[in-house]
Amino acid sequence: MKNETRKSKKIVTHKAILFLMLISSSLATFIVISIGTFFFRHYTEDLSSMDKQSLKEYKYYYALIVEETKTAFWQSVYESAKEEGEKNNIYVEYIGEELIKQYGIKDKLKMAIASNVDGIMVVPEGEDIEEELKEAQDLDIPVITLLSDSLEESRTSFIGVEREEISQLYCEEIKAIGTKLDKVMILVDGSQQATSKNMMYLGIQEVLENEGIHVEIKYINRNNAFNAEEIIRNIILSPKMIPDVMICLSMEDTLCAYQSVIDYNKVGEVCIMGYGQSPTLLEGVSKGIIQSLLFIDTNQMGKQGIEALQQYELNKKKGSFFSVGVAMINQDNVERYIS
C-alpha cells in the first residue's frame, strides 16, 4: 500500500526523471530513477525555473499518457484535465510532452510508475502494456483507460464513447444526403484493427448495411508517414474506387481527404464525413466540402478522468464506465463551433 504521507506533498514535474532518461543509453537507469524518486518528488524544483517561490504543494500527482502528445485532440484532453486538477489541488503531467525523443506507451508507463504517481490516465493502444498495468495495480496506482479499453482486471475505470450512438449519428448524416448511394467507404487504421476506436467501424457498417447500403472497409498502413495521403489520393482519382461517401475515423485522414478533393478538383464528387475538430476542418464544413465531423467532447473526457481517479480514492471501487458526449458538426451548427 502507498504511504499515507503522500497525501500532502510538494509535487514537481517529471522533467527531472525524464532528464536522466535522456542522457541515458538504456532504460536500465530506472533503478537509479526509482532510488531518486523520493528526492525529486519532494524537494526538486521544476527544471524550467530556479525560483523557489514557484513551488506549489499538491495533494495528488496524476499522469496522462498517450502515444502522440502533439495532436490537438489529446492536447485538449490534457488542458481540461489540468484545469480540473488545479481546482482539486492535483498536479496533472502530460508524460513525454517536452521530450525530443519519442517514447512509446510502455516506456511512458514505466516513467510514471517510477515516479510513484497517484493515478494514471492512459490510451492503451499499439503496445502490450498488461505487465505495466499489473505493476501499477500491485502498487495501488489506479489506472483509467481512455477511448480504448484494456482487460477489465488491469484497469480501474474506462472512459469511452457509445459505439451504437456513433453508428447512429453517421447513419443519420448519410440519410440526410437524400440521394441513393452505391458505396460508402470507411478508412480504418490497419495497424490497430482491434482497438476500441477502430471497432467503431463495425457498428457503422452494421447499421448502414441494414439500410441496404454497401460498405467497403479500406485499411491504411501507417508504417510510412505519407501512406495515408497516397492511399486517399489514389481512391479519389480512381473512377472505380471513388465512393459516394468516405468516412474517416481519424483527424489525419480527414485532413488528407479534404485536401485531396481540393487539390484534384473532386469537390462534390465524394462526400467526406470526418472525425475531429480543427480550424481547417471546420472551414471545410462551413464551405460544404466536408459533410460533417464527429466531435468527441475532449473537455468532458479530461474532466471525467480526474473525477474517476478521485472517485477511486474515495471508495476504491473498480470497473466503472464513463461515457463521453459525442455530436456531429455539420452546416447546421458549424458556426457555433467556429465561434
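Note that the structure is a prediction, hence the values are computed from the model and not measured.
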Mark yes or no for whether Q75, through its side chain, and T69, through its backbone, hold a donor-acceptor pair below 3.5 Å.
yes
What distance separates M246 CE from L187 CG, expressed to the nearest 0.5 Å?
5.0 Å
Rounded to the nearest 0.5 Å, what separates atom CD1 in I65 from atom CD1 in I120?
5.0 Å
Distance alone, cut at 3.5 Å: any donor-acceptor contact between the side chains of Y91 and E57?
no
With side chain to side chain contact (heavy atoms under 4.5 Å, CB included) as the criterion, how do L181 and T179 come out once you've worked through the C-alpha distance, each side chain's angles and the decisive distance to 0.1 Å?
CA-CA 6 Å; L181 304 174; T179 58; 4.1 Å; yes
Can you check whether V184's main-chain N or O pairs, donor with acceptor, with D244's side chain at less than 3.5 Å?
no
For residues 210-219, pull every pair meeting salt bridge (charged side-chain N to carboxylate O under 4.0 Å, His left out), keeping only residues two or more places apart or in separate chains.
K175-E211, K183-E216
Any side-chain heavy-atom pair of K134 and E130 under 4.5 Å
no
Please check: side-chain N/O of Y62 versus main-chain N/O of I90, any donor-acceptor pairing under 3.5 Å?
no
Is there side-chain contact between V215 and I204, with heavy atoms separated by less than 4.5 Å?
no
Are any non-hydrogen side-chain atoms of D118 and K59 less than 4.5 angstrom apart?
no
hydrophobic_cluster_shared for V267 and V270, side chain cutoff 4.5 Å:
yes
Looking at every heavy atom in both I232 and A257, which two are closest together, and how far apart are they?
CG2-CA, 3.7 Å
For Y275 against T254, the heavy-atom pair lying closest together:
N-OG1, 3.1 Å
Atom CG in L133, atom CD1 in I141: separation rounded to 0.5 Å?
11.0 Å
Determine whether the side chains of Y258 and E283 contain a donor N or O and an acceptor N or O closer than 3.5 Å.
no
When rounded to the nearest 0.5 angstrom, what is the spacing between OH in Y170 and OH in Y201?
14.5 Å
Distance-only, no hydrogens or angles: does the K106 side chain make a donor-acceptor pair with backbone N or O of D128 under 3.5 Å?
yes
Flag side-chain contact, heavy atom, 4.5 Å: L293 against L282:
yes
Side chain proximity check, S292 to V285, heavy atoms < 4.5 angstrom:
no
Can you find a heavy atom in the side chain of E68 that is under 4.5 Å from one in the side chain of V66?
no
Hydrophobic cluster membership, I231 vs Y264, 4.5 Å side-chain cutoff
no
Nearest heavy-atom neighbours spanning I235 and P243:
CG2-CD, 3.8 Å
Donor-acceptor pair, distance only, cut-off 3.5 Å: does the side chain of S238 make one with the backbone of N234?
no
For D182, which residues count as a salt bridge (Lys or Arg N to Asp or Glu O under 4.0 Å) partner, sequence neighbours excluded?
K180
Close side-chain approach of V143 to E132, heavy-atom, < 4.5 Å
no
How long is the span from the CD1 atom in I113 to the CD atom in Q137, to the nearest 0.5 Å?
11.0 Å
Can you tell me if CD on E131 sees more than 12 non-hydrogen neighbours from other groups inside 6.0 Å?
no
Could you tell me whether a side-chain N or O of S115 sits under 3.5 Å from a main-chain N or O of M111, the two making a donor and an acceptor?
yes
Should V245 and V207 be regarded as members of a common hydrophobic cluster, given that ILVMFWY residues are connected when their side-chain heavy atoms come within less than 4.5 Å of each other, either directly or indirectly?
no
Looking only at heavy atoms, which two atoms of Y58 and N89 are closest? And how far apart?
CA-OD1, 3.5 Å
Do I166 and V123 sit in the same hydrophobic cluster, where Ile, Leu, Val, Met, Phe, Trp and Tyr count as joined when their side-chain heavy atoms come under 4.5 Å apart?
yes
Are M241 and I236 co-members of a hydrophobic cluster defined by side-chain heavy atoms under 4.5 Å apart?
yes
Any side-chain heavy atom of Y94 within less than 4.5 Å of one from K108?
no
Identify the two heavy atoms, one from V92 and one from G85, that lie closest to each other, and give their separation to 0.1 Å.
CG2-CA, 4.4 Å
Residues 319-333 side chain polar contacts: donor-acceptor under 3.5 Å, at least two apart:
unit_1: N330; atom_1: OD1; unit_2: D332; atom_2: N; d: 3.0
unit_1: N330; atom_1: ND2; unit_2: E173; atom_2: OE2; d: 3.0
unit_1: Q331; atom_1: NE2; unit_2: S286; atom_2: O; d: 3.2
unit_1: N333; atom_1: OD1; unit_2: N330; atom_2: N; d: 2.8
unit_1: N333; atom_1: ND2; unit_2: M328; atom_2: O; d: 3.0

State, to 0.1 Å, how close L281 and M251 come at their nearest heavy-atom pair, and which atoms those are.
CD1-CG, 3.5 Å
Within the side chain of D253, is there an N or O that forms a donor-acceptor pair under 3.5 Å with the backbone of L249?
no
CD1 (I217) and CG (L202) are apart, to the nearest 0.5 Å, by 7.5 Å
